[in-house]
Amino acid sequence: SRRRHTRYISVTGVQTCALPISYFSSSLTKLFPSTSFVENAFYVVSIILISINSFRVAWIAFLPKKQKVYLLIISIVLASFCGINFGIINNDSNIINQIITSFSSGLHISLNLLMLQGTIYFGVIFFTTLFHLPTAEAFDRKAEEVSSLMDFSKLITQVFDFKELAETVTQITLKVCNSDASWIAVKSKDSYQIIAAAHIGFLEADNFTQSILSKGDYEINEVVTLNEEDIKIVNNDFRDYNGIKSLAVAPLRVHSKINGFLFAANWKYFLFDEDDKKAIGAFADYAAVALENSKLIEESLEKERLEKELDVAREIQFKILPHTTPKYSNLEISALFVPAFEVGGDYYDFFNISKNKIGFVIADVSGKSISAAFIMAEVKGIFESFSKLIESPKDLLIKTNEILKNSLEKKYFVTAIYGIIDFQKGILTFARAGHTPLIYLTDGKAEKLTPAGIGLGLDYGENFNNNLNEIEFKLNDNDIIVLFTDGITEAQNKNSEEFGYERLIKSLTENAMKTPDQISKEIMSQISLFSKDKTQFDDITLVIFKWKLNNKIDGEI
């Protein structure tokens, strides 16, 4: 290209030199008539150089159609102007010619050459533009395709909204292959869902998509084009779809997996050629990657949002649980909470009812979401409010169930055990609302106590009240009371076998002589060893009381 540019400058430079030499050679001929051949020689050379330079119009091919039309009109006007002036200047009988010649023969030669150059140059432009005009539309299309692809390559790094990006893809598709309508269908389970459409209704696009993709005759692993006859075969109700005459379908493929299809349609009798297929195929590859990236970003943002919600729920859960266990001279207490990866609804608490009584509760809200954490916070407030007003565990659970009626959604329920220990009498009283059994160890024997009761929120009528029983029993020295949630018994090993009640009771009986803290650690050690190959899927809560029959019977220290 450098050599071509150098040659162009050389020819232009020689032509520039030839014009003034022709000017002065005419004056030389007047003084020395025998040197007229010099004037003629430089005149001919100038014409040759003018002709050569006039054919250097390759730039016309790169003009858009609109500019070519303007150039065609301008070249006609200027070529006509120069041609008429050239005729006037060379007409010896014309007064203008006589005036210019008498004034300066050199000026006459120069004007002659300039008008000749204009006539030839603009004449060449006229015919070159005229020949390029039929292909101007095709060239504009290709230029627009390249421009669209360049714009889209920039766009995919800027647009993070999946829906907005999909709509942009359909709009650019109209330009890429000069189509009248475009839409995108992505896989959604066993069918295809229209996520964006341009110049066609969603319902029409969906019906047309199902007709095309459900037809077994077309395996669309690459760009497929269909003419009117093909479409009629595929779709018997073709007339209902806006009179589409031709269609191109390109798969949206990412990592050899087809996630959807990009459609381009024409309503006029314009078939997609091979260049159109290549263009839409290349564009579909861009679009597939962009849409996949946008989807991943959207999923990442959603995951981040959910993680923040879970963090909030986890924080709520930890705040409402007791930070320490109460200390009593004749009652040892151990409480342990091990959260799972998801937010659960486990809850336990202790209430200092009076100098001689302590209330306790363990509960489990159904579900593992931020809603469960908020329900748990509400349950804590209810139990804390009623613990000093209602001494009967059964009555307290009934009242709690009535309160929850106004706030608990139907899809949620709460299982709970609420009890009271009377230090002065050494009596434990409790009621159970659908929770896991209370395990009572006395004289080395373990017993599961499961009084009747259904979960809070499962029924708000007499059925709940009538099916709720209360148990009361006397505590003996070294008796152990164990409360827990199903995260313990339902912990699984690699064979999906549950830890179960038998292993829990066996561990309790084997370690009955130890302190509650030691028992808790031993149980957790066995659960961890049992489920080492399986991820914990539920929160684990364990509360252990050990009654010590001392001479001094008092309340909290």
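Worth knowing before you read on, the calculation uses all heavy atoms, side chains too, and leaves out hydrogens, waters and symmetry mates.
Among all heavy-atom pairs drawn from Ala512 and Leu441, the shortest one is CB-CD2, 4.2 Å. Across all their heavy atoms, Tyr418 and Gly359 have their closest contact at OH-CA, 4.2 Å. Between Pro326 and Phe350 the shortest heavy-atom distance is CD-CD1, 3.5 Å. Nearest heavy atom pair, residue Asn401 against residue Asp459, reads ND2-O, 2.7 Å. In terms of heavy-atom proximity, Ile454 sits nearest to Phe464 at O-CE1, 3.1 Å. Shown here for Gly419 and Pro393, the closest heavy-atom pair between the two residues is CA-CG, 4.3 Å.
Rounding to the nearest 0.5 Å gives a distance of 6.5 Å between NE2 of His435 and CG of Asp364. One finds the CD atom of Glu292 at 5.0 Å from the CG atom of Asn259 (value rounded to the nearest 0.5 Å). Here the CG-CZ distance, from Leu397 to Phe430, works out to 11.0 Å after rounding to the nearest 0.5 Å. Taken from NZ in Lys295 to CD1 in Ile195, the straight-line distance is 9.0 Å, to the nearest 0.5 Å. Between Thr209 atom OG1 and Glu204 atom CD the span is 11.0 Å, to the nearest 0.5 Å. Here the OG atom belonging to Ser385 is positioned 10.0 Å from the CD1 atom belonging to Ile390, to the nearest 0.5 angstrom.
At distances below 3.5 Å, not a single donor-acceptor pair connects side-chain atoms of Asp206 with backbone N or O atoms of Phe202. In this structure, the side chain of Asn266 does not engage the main chain of Ser246 through any donor-acceptor pair within 3.5 Å. In this structure, Arg432 contributes its side chain and Thr450 its backbone to no donor-acceptor pair below 3.5 Å. A donor-acceptor pair under 3.5 Å is formed between the side chain of Gln518 and the backbone N or O of Thr515. The backbone N or O of Phe413 lies less than 3.5 Å from a partner atom in the side chain of Ser366, making a donor-acceptor pair. With Thr485 contributing its side chain and Thr541 its backbone, the two residues share a donor-acceptor pair below 3.5 Å. Without hydrogens or angle criteria, Thr509 side chain to Ile505 main chain gives a donor-acceptor distance under 3.5 Å. With hydrogens and angles ignored, the 3.5 Å screen pairs no side-chain donor or acceptor of Lys187 with any backbone N or O of Phe261. Looking at Asp443, its side chain never comes within 3.5 Å of a backbone N or O of Lys445 through a donor-acceptor pair. When atom types are taken as modelled, the side chain of Lys548 and the backbone of Tyr328 share no donor-acceptor pair closer than 3.5 angstrom.
There is a side-chain donor-acceptor pair under 3.5 Å between Asp479 and Thr442. The closest side-chain donor-acceptor pair between Glu470 and Ser392 falls under 3.5 angstrom. With no hydrogens or angles considered, no side-chain donor-acceptor pair links Thr429 and Lys394 at under 3.5 Å. For the residue pair Trp183 and Thr170, no side-chain donor N or O sits within less than 3.5 Å of a side-chain acceptor on the partner.
Phe499 places none of its side-chain heavy atoms less than 4.5 Å from the side chain of Ser531. Within the 4.5 Å cutoff, the side chain of Val249 has no heavy atoms near those of the Leu262 side chain. Considering only heavy atoms from C-beta on, Ile184 stays 4.5 Å or farther from Ile194 through its side chain. Proximity of Ile421 to Ile427: side-chain heavy atoms (C-beta onward) are nowhere separated by under 4.5 Å. Looking at heavy atoms from C-beta onward, Glu510 lies in side-chain contact with Lys506 at the 4.5 angstrom threshold. Proximity of Leu408 to Ile375: side-chain heavy atoms (C-beta onward) are separated by under 4.5 Å at one or more points. Side-chain contact between Leu456 and Thr400 is present, with heavy atoms from C-beta onward closer than 4.5 Å. Contact of the Gln526 side chain with the Arg503 side chain is not registered, since no non-hydrogen atoms from C-beta on lie closer than 4.5 Å.
Taking the centre and axis of the six-membered ring of Tyr501, the NZ or CZ atom of Lys448 falls inside the cone set by 45° and 6.0 Å.
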*Taking it one step at a time, do Leu468 and Ile398 satisfy side-chain contact (heavy atoms from CB on, under 4.5 Å)?*
CA-CA 8 Å; Leu468 189 65; Ile398 291 173; 3.8 Å; yes
*Step by step, work out the side-chain contact (heavy atoms from CB on, under 4.5 Å) result for Ser496 and Lys534.*
CA-CA 8 Å; Ser496 298; Lys534 200 76 174 277; 3.3 Å; yes
*Starting from the C-alpha separation in whole Å, work towards a yes-or-no answer on side-chain contact (heavy atoms from CB on, under 4.5 Å) for Leu331 and Phe423.*
CA-CA 9 Å; Leu331 184 67; Phe423 293 102; 3.9 Å; yes
*Begin with the C-alpha distance, continue with both residues' side-chain angles, and end with the deciding distance and a verdict on salt bridge (charged side-chain N to carboxylate O under 4.0 Å, His left out) for Lys399 and Glu402.*
CA-CA 5 Å; Lys399 192 64 178 177; Glu402 292 176 1; 3.7 Å; yes
_Under the criterion side chain to side chain donor-acceptor pair (under 3.5 Å), I'd like the reasoning laid out for Ser334 against Asp517: C-alpha separation, chi angles, the key distance, then a yes or no._
CA-CA 5 Å; Ser334 174; Asp517 285 337; 2.8 Å; yes
*Test log, rule side-chain contact (heavy atoms from CB on, under 4.5 Å), inputs Leu321 and Tyr347*: CA-CA 7 Å; Leu321 295 176; Tyr347 162 65; 4.1 Å; yes
_Under the criterion side chain to side chain donor-acceptor pair (under 3.5 Å), I'd like the reasoning laid out for Tyr348 against Asp346: C-alpha separation, chi angles, the key distance, then a yes or no._
CA-CA 7 Å; Tyr348 70 91; Asp346 284 10; over 6 Å; no
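Contacts of Tyr460 classified as ring pair (Phe, Tyr, Trp, His ring centres under 6.0 Å), with partners at least two apart in sequence or in another chain: none.
Taking the six-membered ring for Trp and the full ring otherwise, Phe351 and Phe360 have centroids separated by 6.0 Å or more.
By the 4.0 Å N-to-carboxylate-O rule, Glu391 lies close enough to Lys357 to be salt-bridged with it. Classification of Glu384 and Lys380 as a salt-bridged pair holds, one side-chain N sitting under 4.0 Å from a carboxylate O.
When the shell of 6.0 Å around CD of Gln492 is examined, it contains more than 12 heavy atoms from other residues, nucleotides or ligands.
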